[in-house]
*Asks:* 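Okay, here's the structure, questions in a sec.
Quick note on labels: first sequence line is chain A, next is B, and so on, each numbered from 1. When reading the values below, keep in mind they use all heavy atoms of this one structure, side chains included, and skip hydrogens, waters and symmetry mates.
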Amino acid sequence: MPELPEAETIARDLHPRLQEAKVTAVDVHHEDVLGRPGTGFGDALPGRVVAGVGRRGKNVVIAFQDEGRLLVNLGMTGRLVLSDAPGAADCRHVAVRLLLQDGRSLLYDDVRRFGLLELFEPEEWPARDAELGLEPLADDFTADALRDMTRRSRTPIRNFLLDQSKVAGVGNIYALEALFRAGIRPTRRANRVTRAEATSLRNGIRDVLEEAIANRGTTFSDYRDAAGERGGFEPLLQVYGREGRPCTRCGTAIKRKVLTNRSAFYCPSCQR
DNA sequence: AACGCGCCCTGTCCGC
DNA sequence: TGCGGACAGGGCGCGT
């Protein structure tokens, strides 16, 4: 499941390889990955030149020289792969292909098509950007800022962390890993997180995201980077997907509990 | 208004 | 071996 570290890895890899690239044509094989219907996606892209590739939350953002932006939410199984990368041959579910003037193409491949591609004109971007919450690696993601938000919510803290309008970029894997690091059970109501725990949680979120970026993300099943390669963080997961296996800290068997249709993994001894 | 739920989609796995 | 069903889950639309 691509979250912030996976989007960051893809953006960093694509940035030098897509700069100055000019889009000449667009092949849309599956329209259901296009958000914002009626924006003329296929007609509006040709002629644009890439200025750079960045990230907002868990979205890869391709910025064009005219300040238009293509936001790519990878959903569950989305991949952004260049046609000349070794992993391009593994893209068997290409939903959208951007053809480039230099002969390459950028493939958006997505088996389950939960992903979304949205094109924004310069004046449209600020409103979309404002819908996303704090960047967890930015300076303004402080313990106080996190606590100000958690104290106003009664939803389980795991669910709170998945809300992209609060903290942008954290998904199920890193939410659970950060909660383990902070010693907080995923089921705890957000407004029951103490001031001290909010500090631990803020630090846990930043640490796990930074460590995952350093390891090029987590491949649990489907994630691949822009070259089609797997991430390296999966062996370092402490709770996610480890039901029944011993806690790395205390040895207690990791538990799994379904919270609003999504698995939550935690150590019943370390997390209260 | 905040919150929870069902749905979208398809490859993989399990049991018979 | 083949097949049906359960399962995985990010984000969104909807109901409460």
*Asks:* Could you check which of dC3(B), dC12(C), dC9(B) has an atom nearest any side-chain atom of L116(A)?
*Replies:* dC12(C)
*Asks:* Nearest 0.5 angstrom please: Y240(A) OH to T218(A) OG1, how far?
*Replies:* 10.0 Å
*Asks:* Considering only dG10(C), dA8(C), dT10(B), which nucleotide approaches the side chain of V111(A) most closely?
*Replies:* dT10(B)
*Asks:* Before you tell me yes or no, could you show the steps for D102(A) and K22(A) under salt bridge (charged side-chain N to carboxylate O under 4.0 Å, His left out), namely the whole-Å CA-CA distance, both residues' side-chain angles and the distance that decides it to 0.1 Å?
*Replies:* CA-CA 8 Å; D102(A) 58 21; K22(A) 184 174 188 175; over 6 Å; no
*Asks:* Within the structure provided, determine whether P136(A) and L4(A) are in side-chain contact (heavy-atom separation under 4.5 Å).
*Replies:* yes
*Asks:* Tell me which nucleotide among dG9(C), dG11(C), dG4(B) gets nearest to the side chain of Q164(A).
*Replies:* dG11(C)
*Asks:* Output yes when at least one side-chain N/O atom of T155(A) is less than 4.0 Å from OP1 or OP2 of dG4(B), else no.
*Replies:* yes
*Asks:* Nearest nucleotide by nearest heavy atom, which residue falls closer to the 5' end of DNA chain C, N59(A) or R112(A)?
*Replies:* R112(A)
*Asks:* Answer yes or no: does a side-chain N or O of Y240(A) lie under 4.0 Å from OP1 or OP2 of dA8(C)?
*Replies:* no
*Asks:* Of N261(A) and H93(A), whose closest DNA chain B nucleotide lies nearer the 5' terminus?
*Replies:* N261(A)
*Asks:* Indicate, with a heavy-atom threshold strictly under 4.0 Å, whether R158(A) touches base, sugar-phosphate, or nothing.
*Replies:* nothing
*Asks:* I want to verify a distance call: between dC5(B), dA8(C), dG10(C), whose nearest atom is closest to the K58(A) side chain?
*Replies:* dG10(C)
*Asks:* Nearest to the side chain of P156(A), which nucleotide is it out of dT10(B), dG10(C), dG4(B)?
*Replies:* dG4(B)
*Asks:* Describe the nucleic acid contact of Y223(A) in one word from base, sugar-phosphate, nothing, applying a heavy-atom distance below 4.0 Å.
*Replies:* nothing
*Asks:* Measure distances between side-chain N and O atoms of R262(A) and base N and O atoms of dG11(C), and say whether any donor-acceptor pair falls under 3.5 Å.
*Replies:* yes
*Asks:* Taking 5.5 Å and 30° as the limits, would you call F114(A) and the base of dG10(C) a stacked pair?
*Replies:* yes
*Asks:* Between dG11(B), dC3(B), dG10(C), which nucleotide has the shortest distance from any of its atoms to the side chain of S153(A)?
*Replies:* dC3(B)
*Asks:* Start with the C-alpha gap between D66(A) and R48(A), add the side-chain angles, then the distance that decides, and say whether salt bridge (charged side-chain N to carboxylate O under 4.0 Å, His left out) holds.
*Replies:* CA-CA 7 Å; D66(A) 65 2; R48(A) 299 200 197 222; 3.0 Å; yes
*Asks:* Could one point to a donor on the side chain of R152(A) or the base of dA2(B) with an acceptor on the other under 3.5 Å away?
*Replies:* no
*Asks:* Taking only side-chain N and O atoms of T77(A), does any of them lie within less than 4.0 angstrom of OP1 or OP2 on dG11(B)?
*Replies:* no
*Asks:* Let's see if you can work this out: which of dG10(C), dA8(C), dC12(C) has an atom nearest to the side-chain heavy atoms of R128(A)?
*Replies:* dC12(C)
*Asks:* Which distance, rounded to the nearest 0.5 Å, do you find between the CD1 of I173(A) and the OG of S263(A)?
*Replies:* 11.0 Å
